[in-house]
There are 2 protein chains.
Amino acid sequence: MATLETISSIDTAPRHPIRLVANRTGLTVDLIRAWEKRYHVVEPARSDTKRRLYSDYDIERLRLIRIAKHNGRRLVDVAPMSLEALRDVVSEDSRFDAAQNNQAEVYRPSWSNPLESTDTQDSVDAMLFAIQTMDQHRFDHLLQEGLVKQALPVYLETVIGPLLREIGESTRLGKLRIAHEHMATAHLRTFIGALRFRETFTGSEPKIVITTPTGQLHELGALMIAALVSVDGWLPVYLGPNTPADEIAACAMQSGARAVSLSLTYPADDPRIPTELTRLRSQLDQKIPLFVGGSAAAHHQELIARLGLQSPLSLNGLRQSLNELRDRGFRLQSA
Amino acid sequence: MATLETISSIDTAPRHPIRLVANRTGLTVDLIRAWEKRYHVVEPARSDTKRRLYSDYDIERLRLIRIAKHNGRRLVDVAPMSLEALRDVVSEDSRFDAAQNNQAEVYRPSWSNPLESTDTQDSVDAMLFAIQTMDQHRFDHLLQEGLVKQALPVYLETVIGPLLREIGESTRLGKLRIAHEHMATAHLRTFIGALRFRETFTGSEPKIVITTPTGQLHELGALMIAALVSVDGWLPVYLGPNTPADEIAACAMQSGARAVSLSLTYPADDPRIPTELTRLRSQLDQKIPLFVGGSAAAHHQELIARLGLQSPLSLNGLRQSLNELRDRGFRLQSA
DNA sequence: GCAATGTTGTCCCACTTTTGTCCAGACAAA
DNA sequence: TTTGTCTGGACAAAAGTGGGACAACATTGC
């Protein structure tokens, strides 16, 4: 899939001005220059008039260094590290960090073998088997393991998404009991819910309200989105499932959110959906885009078009729209 | 166990600054230095500008010493110990602790302290304020902070329980919006859900199925119980809310659970409750006790009595019953 | 029971190193 | 013109270091 490549190999083309980099990383412009001056943390390309031009690669580096610093690393130590080394350090630190990690259990030597494309299907199958045998530890282990192997957005798209579909399908076909589905869902609710706390927030991130409208009780899709956008420098205001339109609008207003995202899954033809969407769109500031996703979004195409809502086709599409919105927004802010 | 071997080959390369060590161990920077000054607990290498540089080995030592201290050991005694000796001491202590656990709490003087009651009230108030202002970071910080201060069972009973009631009440009175309640609930769902993974499981724990019956959509009570029992050496099989009686019974059978616990909150007078409870009791092996708790349990007193269900009055009551059951079971098992 | 003594977490000081912010003057972009 | 970026340097806040003081508490000896 194209998605895989675009996400995993980071673009090194220089194109971002320093202000945008500052906004995305949460660092100040001065600081970025100071780091460059003192430790050559990043050495951006220059325009023909000597303006710095940063690549996505640079931005990723800076973000990682910022997190490493937050974890107690010294700039001197992390500055010369490669992106991979930084990733390792950061993930190691955040695994150990937080007084949460009471005891051992860590130091796992297992992921030496790289991931192949068929692996994800295997991985999903293994999880389904763990669910069927009600082996919670194994299930949890598989979830954690898969997550370490790849970036969160890829993981959500290639593992968690398919897993959810398989669980639904298997339950419908009677291959899994409702009890199995319940257990798996409850487990995933905790797991995905915790994902967004892997990121460090600066407080300057734009906010996005994420929920499902009245009648939509399945929250895992919305929760995945909350985890996803937190990777890209948004702060999700997550409201859980089944939130009335008025409340969503009120929440967006109070929190000063820059976007709203709804997830529709089941029931796909709930008669309340048109009412709620219309109501929400009218109560919401016109400048705030309203994203509608989930498997049931396809059932409401004309409605979505009529109301002028955004309906990205994949998690990746949503990501891109939000990235654009975020960067555009920052320009306005500073102007 | 596998963990031991992997840990025993700990890197002794000095590379971590003191701040990071503080983060990882939960000790303060001052304290780490004081320990070094007084007892040479660790003797870190130095950078060329005399900054301390700790190795993974040092960190592991400090972490173990911290646990040993927490268990009541004196610093003087543990300071000169080798890593292996420390491990032995710590694991011995925690085993002893676990055995004593149940009574130990009652004797702690801090609970009878009158300050305590206002303390937790303050803490709950602070959380409510964070919810009202939609300050997710603050809310999360308060939750984590409170948890550090006291044992999990106490925390659940004195902070989380009251907090849930206050949120419900405030929403009913209009002091909080539904959106606030949703946000708080979603957040708590993740937080409480993660609590049970703080424990390390050996695989030999007796299992207990935890859920809510059909019609009961609020899961936080059940989730609290899952976290609670995992502290006491049970392995919760958590099914989320709204599980049909047949499925609960099937799950108990497949997983070989030794007990089942249901949480009833809202609606208190749902007509499905008697049907479901009766059905579940009849399908479940008579040797498996069925616990029924939650605020709505009081509405079904005669039913509970008639079916011979257990209905502990508090989390603590449930704990005690389960402890007895577990110990009785263990005796049988070994006899 | 009480005083003396030991233990231990926290804080303060004076000093050094590291790191974040600010400024001035030149130039580029809008 | 106004705003933003660039360079180089200055400055100050933050964090680390060694040394020591001190209060809270536990233990010991009488």
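These numbers were taken from a predicted model, which means no experiment stands behind them. By convention in this document, chain letters (A, B, ...) are assigned in the order of the sequence lines, proteins followed by strands, and residues within each chain are numbered from 1.
If you take CG of A/Leu75 and P of C/dT21, they are 13 Å apart, rounded to a whole angstrom. Here the C1' atom of nucleotide D/dA13 and the CG atom of A/Asp30 are 15 Å apart, to the nearest Å. Atom CZ of A/Arg46 is separated from atom P of D/dC6 by 6 Å (rounded to the nearest Å). Here C/dG9 presents its C1' atom at 16 Å from CD of B/Glu36, a figure rounded to the nearest Å. Separating the CG atom of B/Asp77 from the P atom of C/dT8 is a distance of 8 Å, rounded to the nearest angstrom. Note: CG (B/Leu27) to P (C/dT10) measures 10 Å, nearest angstrom. In this structure, the CG atom of B/Leu62 is 15 Å from the P atom of C/dT8, given to the nearest Å. What separates NZ of A/Lys50 from P of C/dA29 is a distance of 13 Å, to the nearest Å.
Two residues are said to be in side-chain contact when any heavy atoms from C-beta on lie closer than 4.5 Å; B/Pro44 and B/Glu36 meet this criterion.
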Secondary-structure notation, DNA chain D, from Watson-Crick and G-U pairs under 3.5 angstrom (| other strand) | ||||||||||||||||||||||||||||||

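In terms of modelled atom types and a separation under 3.5 Å, the side chain of A/Asp285 and the main chain of A/Lys287 share a donor-acceptor contact. A donor-acceptor pair under 3.5 Å is absent between the side-chain atoms of B/Arg319 and the main chain of B/Ser314, judged by distance alone. In terms of modelled atom types and a separation under 3.5 Å, the side chain of B/Arg66 and the main chain of B/Arg61 share no donor-acceptor contact.
Nearer the 5' end of DNA chain C, as judged by each residue's closest nucleotide, is the contact made by A/Lys37, out of A/Arg51 and A/Lys37. A residue-by-residue look at B/Ile18 and B/Arg38 shows that B/Ile18 has its nearest nucleotide of DNA chain D further toward the 5' end. Two residues, A/Arg74 and A/Thr49, neighbour DNA chain C, and the one matched to the more 5' nucleotide by heavy-atom proximity is A/Arg74.
On a pure distance criterion of 3.5 Å, no polar donor-acceptor pair joins the side chain of B/Lys69 and the base of C/dG9.
Ring pair B/His187/A/Phe197 is perpendicular by interplanar angle, where above 60° counts as perpendicular and below 30° as parallel.
Residue A/Arg52 has a polar side-chain atom (N or O) positioned under 4.0 Å from OP1 or OP2 of D/dC6. OP1 or OP2 of C/dT19 has not a single side-chain nitrogen or oxygen of A/Arg66 nearer than 4.0 Å. In terms of phosphate contacts, B/Tyr39 brings no side-chain nitrogen or oxygen within less than 4.0 Å of OP1 or OP2 of C/dT7. In this model, the phosphate group of D/dG16 is approached by a side-chain N or O of B/Arg19 to a distance below 4.0 Å at OP1 or OP2.
Nearest to the side-chain atoms of A/Leu31 among the listed nucleotides C/dT10, C/dT8, C/dG20 stands C/dG20. The side chain of B/Arg33 has D/dG16 as its nearest neighbour among C/dT8, D/dG16, C/dG20.
Tested against A/Leu228 for a side-chain contact (heavy atoms from CB on, under 4.5 Å), the candidates A/Leu315, A/Ile210, A/Asn316, A/Leu322 yield a single pass: A/Leu315.
Remark: B/Ala126 pairs with B/Leu142 by the side chain to side chain contact (heavy atoms under 4.5 Å, CB included) rule, at least two apart or across chains.
Residue A/Val29 is classed as having no contact, given no heavy-atom separation below 4.0 Å to the nucleic acid.
Side-chain polar atoms of B/His141 and B/Gln144 form no donor-acceptor pair below 3.5 angstrom.
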